[in-house]
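Note that these values count all heavy atoms, side chains included, but never hydrogens, waters or copies made by symmetry. The structure displayed is predicted, hence computed values, not measured ones. Both counts, for ligands and for their atoms, begin at 1 and track the order of listing.
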Amino acid sequence: MLAIEKVILHHLVMDYKHPFVTSFGRVEQKDFYIIEVIDQDGYSGFGETEAFETPWYTEETSETNRHVIESFLVPLVLEEEISHPSELAQRFQKVRRNNMAKAAVESAVWDLYAKKQNKPLYQLIGGAKNAIDVGVSIGLQPSVKQLLNVIETKLAKGYTRVKLKIKPGNDVELVRAVRKAFPEIPLMVDANSAYQLSDIKTLQQLDQFNLQMIEQPLANDDFVEHASLQQQLQTPICLDESIHTYSDVQTAIALESCKIINVKMSRVGGIKNVQDIEDYAAKNGIALWCGGMLEAGVGRAHSLAIASLAQFTLPADTAASENYWERDIIQPTVQVKNGQVHLPEKPGIGYEIDREALDYFSVEKVVIEKK
Ligand code: OSB
Ligand code: MG
């Protein structure tokens, strides 16, 4: 039994080394919370809020995460003991949506539980491998020349697949230039919902570039239109923003809206929901892979754990710490060698929290104790 006695919200602000630009906007810093859950025996588990400061990617923001966690989720965690972290998804169901808030707390409890079991989290959740193939997601660049340079640097670091962000006006010719410079690399594109079905002529032109997939071309609730687009495209469609729940996965598979799903632990509300989705995807032969939220080290460690599940067969967007940060908040930091991250074998997320770094980036600390 876990009896959580105290929850600390470490409010941090960290600057990215480089701004990350997508079709929906630009991210320059991460203003977020590390959730620390502490139990009666003094063990700590850690989770990370992954919403951005603006609601362009999903409806959640860092501030809504804090509100929902502080006012609703922490009381639900403190009110009753927990026999297993997989119970929390059910306990949190009375709070509608707010998946990123739920995931931050739920994943912290999984870390705590795994530490008490003295097991690496990836093993506890049934991970099937201890080395993760890693690709890199590259934001929109000011020019094609700069983009080609960035790709060159990333390939030199060993990443096994390159993902390009696209948007209307920065698509066919951009991908053509990249393909010309790098004819053989595993390549994919991500539109972050920037297109409509009426843009089909443009999207069909991407079929000539041998892309692994095109991620989220249409709006986040366009299951029917994605299905129609997929019928008229050779390139597999991968859904990202559309998938928030198990039933979204059922809908996407039933309608044939995609062939591949990008799973983010935070977007689907935690690790238990990832396990359920993985189970369903395996039964239905849908390939999964682990996406990224430009997380700091704690969220990234959780992402890497889910990327170890058997149905996650394509390279993850879990680049190394140094891809984002001058200084990360875990020790060791995430390293990519020969295109892979080797999962740490220590208990829980397997990376230590760098308490000095946590203090360095901290702007506020909210402590909530069991009454
Ligand atoms: O669509 O996967 C996405 C970054 C911010 C918001 C959405 C997305 C992304 C990425 C980067 O593609 C993934 C990463 O490097 O963490
Ligand atoms: Mg995406």
Side-chain angles (χ1 to χ4, degrees), residues 14 16-32 48-62 99-100 103 132-141 147 150-151 153-154 157 159-167 187-195 211-220 222 226 236-244 248 252 258 260-268 288-304 306-307 312 314-325 328 333-334 336 341:
M14 294 169 70
Y16 290 104
K17 272 180 159 173
H18 311 284
F20 194 88
V21 184
T22 70
S23 63
F24 63 75
R26 187 182 174 90
V27 183
E28 299 192 21
Q29 62 165 36
K30 182 172 163 74
D31 181 325
F32 70 111
E48 174 176 324
T49 62
E50 296 187 9
F52 298 108
E53 284 172 71
T54 51
W56 315 150
Y57 170 78
T58 63
E59 68 279 20
E60 294 179 85
T61 68
S62 185
N99 283 349
M100 292 186 177
I132 309 301
D133 292 332
V134 178
V136 64
S137 174
I138 301 175
L140 287 159
Q141 303 295 316
L147 175 61
V150 177
I151 296 174
T153 349
K154 300 304 174 193
K157 292 183 193 291
Y159 290 103
T160 58
R161 176 273 284 148
V162 169
K163 167 166 135 184
L164 306 176
K165 294 292 185 177
I166 57 166
K167 66 174 188 181
L187 188 65
M188 59 174 287
V189 294
D190 185 357
N192 289 107
S193 295
Y195 295 88
L211 300 176
Q212 269 189 349
M213 66 191 95
I214 170 164
E215 188 174 332
Q216 198 70 39
L218 310 179
N220 63 84
D222 278 354
H226 273 112
I237 291 177
C238 169
L239 291 180
D240 173 353
E241 284 92 326
S242 293
I243 305 295
H244 302 270
D248 287 337
C258 65
I260 300 169
I261 294 176
N262 167 330
V263 177
K264 295 178 184 171
M265 196 274 292
S266 57
R267 174 168 35 70
V268 302
L288 304 179
W289 59 280
C290 174
M293 285 294 285
L294 312 172
E295 317 86 276
V298 170
R300 184 51 48 100
H302 284 289
S303 294
L304 287 164
I306 70 153
F312 286 65
L314 292 155
D317 264 353
T318 52
S321 298
E322 64 100 36
N323 188 56
Y324 313 92
W325 314 109
D328 204 342
T333 56
V334 175
V336 172
V341 173

For a quick check under 3.5 Å, do Glu215 and Asn262 share a side-chain donor-acceptor pair by atom type?
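Yes, a side-chain donor-acceptor pair sits under 3.5 Å.
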
Here the pair of heavy atoms bringing Thr22 nearest to Lys165 is CG2-CE, 3.8 Å

Smallest separation among heavy atoms of Ser62 and Ala51, with atom names
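Closest approach of Ser62 to Ala51: N-CB, 3.9 Å.
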
Please report whether ligand 1 has a polar contact with [X], defined as an N or O pair separated by less than 3.5 Å (distance criterion only).
{"X": "Thr22", "value": "no"}
{"X": "Glu241", "value": "no"}
{"X": "Asn323", "value": "no"}
{"X": "Phe52", "value": "no"}
{"X": "Tyr57", "value": "no"}
{"X": "Asn262", "value": "no"}

Under 4.0 Å from a heavy atom of [X]: which atoms of ligand 1 are those, numbered in the order shown and with their elements?
{"X": "Glu215", "result": "1 (O), 2 (O)"}
{"X": "Arg300", "result": "14 (C), 16 (O)"}
{"X": "Asp190", "result": "1 (O), 2 (O), 3 (C)"}
{"X": "Phe24", "result": "6 (C)"}
{"X": "Asp240", "result": "1 (O), 2 (O), 3 (C)"}
{"X": "Lys163", "result": "2 (O), 3 (C), 12 (O)"}
{"X": "Glu295", "result": "16 (O)"}

Starting from atom 13 (C) of ligand 1, what is the nearest protein heavy atom, named by residue and atom, and what distance separates them?
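The protein heavy atom lying closest is Gly292 O, 3.4 Å.
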
Which distance, rounded to the nearest 0.5 Å, do you find between the [atom1] of [X] and the [atom2] of [Y]?
{"X": "Ile151", "Y": "Tyr159", "atom1": "CD1", "atom2": "OH", "answer": "14.0 Å"}
{"X": "Ser137", "Y": "Met293", "atom1": "OG", "atom2": "CE", "answer": "11.5 Å"}
{"X": "Glu50", "Y": "Lys264", "atom1": "CD", "atom2": "NZ", "answer": "9.0 Å"}

Cation-pi check, Lys30 onto Phe32 ring (under 6.0 Å, within 45° of axis):
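Relative to the ring axis of Phe32, which defines the angle, Lys30 lies inside both limits.
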
Regarding Arg161 and the six-membered ring of Trp289, is the cationic atom NZ or CZ under 6.0 Å from the ring centre and inside 45° of its axis?
yes

For the Mg ion (ligand 2), find the closest N/O/S atom on Asp190 and give its atom name.
OD2

Provide the atom name of the closest N, O or S atom of Glu215 relative to the Mg ion (ligand 2).
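Of the nitrogen, oxygen and sulfur atoms in Glu215, the Mg ion (ligand 2) lies nearest to OE2.
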
Using 4.0 Å as the upper bound for N to carboxylate O, is an ion pair formed by Arg267 and Asp240?
yes

Let me check your reading of the structure: within less than 2.8 Å of the Mg ion (ligand 2), is there an N/O/S atom from Asp240?
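So Asp240 does bind the Mg ion (ligand 2) by this criterion.
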
Decide yes or no for Asn323 and Lys154: does some side-chain heavy atom of the first lie under 4.5 Å from some side-chain heavy atom of the second?
yes

